[in-house]
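Input: a single structure, listed below in structure tokens.
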2 protein chains.
Amino acid sequence: MPDTALQDYLKAVYKLQETAGSEPGPAGEPVSTSALSERLGVSQASVTGMLKKLARKDFVSHEPYRGVRLTEAGRRVAVATIRRHRIVEQFLVEALGFTWDEVDEEAEILEHAVSEKVVNRMWEVLGRPRSDPHGSPIPSSEGVIEPESDARPLTETPVETPVRVTRIRNRSPDELRYLGGLGLELGAELVLEEKAPFDGPLLIRVGGRRHALDPRFAHAVLVE
Amino acid sequence: MPDTALQDYLKAVYKLQETAGSEPGPAGEPVSTSALSERLGVSQASVTGMLKKLARKDFVSHEPYRGVRLTEAGRRVAVATIRRHRIVEQFLVEALGFTWDEVDEEAEILEHAVSEKVVNRMWEVLGRPRSDPHGSPIPSSEGVIEPESDARPLTETPVETPVRVTRIRNRSPDELRYLGGLGLELGAELVLEEKAPFDGPLLIRVGGRRHALDPRFAHAVLVE
DNA sequence: CGGGATATTTAGCCTTGCCTAACTTTTTCT
DNA sequence: AGAAAAAGTTAGGCAAGGCTAAATATCCCG
Ligand SMILES: [Mn+2]
Ligand SMILES: [Mn+2]
Ligand SMILES: [Mn+2]
Ligand SMILES: [Mn+2]
């Protein structure tokens, strides 16, 4: 498919708007060229070029020098791509026996190759799951994403209160295996014992063991 | 993937060499620019351009004005692609409930997106099948294709001798459904009652019913 | 407020595949 | 054989997506 790049750009805009704490779409925070450049591993000049193409096709609105926002059409493409990605990941784990740390790379490619028909069949075969192997919600085929109840990053959790892991944001396979090794898996119970100041490491207790956790990782662990 | 085109070209050369009744590879019959042009739905000029690229990369040997043959490297790429294609087709039918007439289109895309790891897992989950939903053999991961016993096109079958369908060559979904409607499915028993001269239609009896079959289709039905 | 630093865009190029039109080689047919 | 037809190649372009270097906006700070 030649729209691989297009889908990846729109997905990146979506996630960056979301990360900025806003609803991805026409009303959300604009996303900068440099943020996209870094996220996609592509030069800023290339991003500018592609943004102009996306704007011409009405998938984003682009105000030169001040970033882009997804249009409604762009949001739909992004969400559909995220849906395919997450269903493929879940399928690889549940139906083909992959481990959760190795599926993202495969899904990053398959998300552009798998038809709606195929992805819908996968979803049915899996028993219509609501989330992927990392706890991220699977958008409906109509593009609706169930709001994530009251999941917060581990870094914003009160001390000495038991919480449960509901989602682990995208990390490299090595990092995911590290977290898994600590016992930080979906559904795991843990307690934040101490939080060093100045955005320092956290001291957590999980499965009877105590570990220091770098805030970089703690940000990626969502709990409730 | 940017090698989608490359893989499709090599696959096409492979199948055309095979169709010409020769072993695909350095020793087989050369394949003409126009045959590739027609099969791939691309202009002859485009084929020439791509053949030069493939020759430069040593996937084919190209003697200008007289066609190409696969090199050993080219044969390996072609066979690996065919393996992915056929495993994906079998998986779509057996694991996801697709019908045999709708899988080729999906597989034509997925064959370029699915990694060796994924395709090998599919093959395992399927119980290591030896052939795809159309009866075509699945090459081993080492690139070996089990020779097809003594399968012959229906057109070359003796009259009044019961035979069994072992393979149905690639046809459009509509045509495949038509054949299925006649009872011509994998494993079906049938008798050729009469064969009109001048490459005319065949009269066949299958499942108690008699049908006239155009030789175009009869060529695509292999029996033993 | 005026730079300088930083972010963004423009300009110019490249590769991949594909196209049409024109030219050349090979085949075929009288 | 010789010419017309068919097959194949070359020439010149286009769109997608990249890149680097240079130009220009915007931002931030003294
Ligand atoms: Mn992922
Ligand atoms: Mn992707
Ligand atoms: Mn097929
Ligand atoms: Mn293909």
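Each chain gets a letter, A, B and so on, in the order the sequences are listed, and its residues count up from 1.
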Enumerate the protein-to-nucleotides 9-12 of chain D contacts in which both atoms are nitrogen or oxygen and the separation is below 3.5 Å.
| residue | atom | partner | partner atom | Å |
| --- | --- | --- | --- | --- |
| D:dT9 | OP1 | B:His62 | NE2 | 2.9 |
| D:dT9 | OP1 | B:Tyr65 | N | 3.1 |
| D:dT9 | OP2 | B:Thr33 | OG1 | 3.0 |
| D:dT9 | OP2 | B:Thr48 | OG1 | 2.8 |
| D:dT9 | O4' | B:Tyr65 | OH | 3.4 |
| D:dT10 | OP2 | B:Lys52 | NZ | 2.7 |

Exercise. Can a salt bridge be assigned to the pair B:Arg75 and B:Glu72 using a cut-off of 4.0 Å between side-chain N and carboxylate O?
Worked result: yes

Problem set entry | Separation of atom CZ in A:Arg56 from atom C1' in D:dG17, rounded to whole Å | 13 Å

Exercise. Starting at CG of B:Asp8 and ending at P of C:dT16, how long is that distance when rounded to a whole Å?
Worked result: 17 Å

For this session: Check the distance between D:dA7's P and B:Leu36's CG and give it to me in whole angstrom.
Result: 14 Å

Exercise. Which residue pairs pass the salt bridge (charged side-chain N to carboxylate O under 4.0 Å, His left out) test with at least one member in residues 213-222 of chain A, sequence neighbours excluded?
Worked result: A:Asp214-A:Arg216

For this session: Rounded off to whole Å, could you give me the CG-to-C1' distance for the B:Leu10 and C:dG17 pair?
Result: 15 Å

For this session: Could you tell me whether the side chain of A:Gln17 and the main chain of A:Glu29 form a donor-acceptor pair under 3.5 Å?
Result: yes

For this session: Under the salt bridge (charged side-chain N to carboxylate O under 4.0 Å, His left out) rule, collect the residues that match up with B:Asp104, sequence neighbours excluded.
Result: none

Exercise. With B:Thr81, which residues qualify under side chain to side chain contact (heavy atoms under 4.5 Å, CB included), at least two apart?
Worked result: B:Gln7, B:Lys11, B:Val77, B:Arg84, B:Glu111, B:His112

Exercise. Does a nitrogen or oxygen in the side chain of B:Ser43 sit under 4.0 Å from OP1 or OP2 of C:dC18?
Worked result: no

Exercise. OP1, OP2 of C:dT8 versus side-chain N and O of A:Ser34: anything below 4.0 Å?
Worked result: yes

Exercise. Between C:dT16 atom C1' and B:His112 atom NE2, what is the distance in whole Å?
Worked result: 15 Å

Exercise. To the nearest angstrom, how far is A:Tyr9 atom OH from D:dA16 atom P?
Worked result: 13 Å

Problem set entry | Nearest-nucleotide 5' precedence on DNA chain C, B:Gly41 against A:Val31 | A:Val31

For this session: Can you tell me which residue pairs pass the salt bridge (charged side-chain N to carboxylate O under 4.0 Å, His left out) test with a partner in residues 37-65 of chain B, sequence neighbours excluded?
Result: none

Exercise. How long is the line joining CG of B:Leu40 and P of D:dG8, in whole Å?
Worked result: 14 Å

Problem set entry | Set of residues satisfying salt bridge (charged side-chain N to carboxylate O under 4.0 Å, His left out) with respect to A:Arg128, sequence neighbours excluded | A:Glu124

Exercise. CG of B:Asp3 versus C1' of C:dT15: gap in Å, rounded?
Worked result: 14 Å

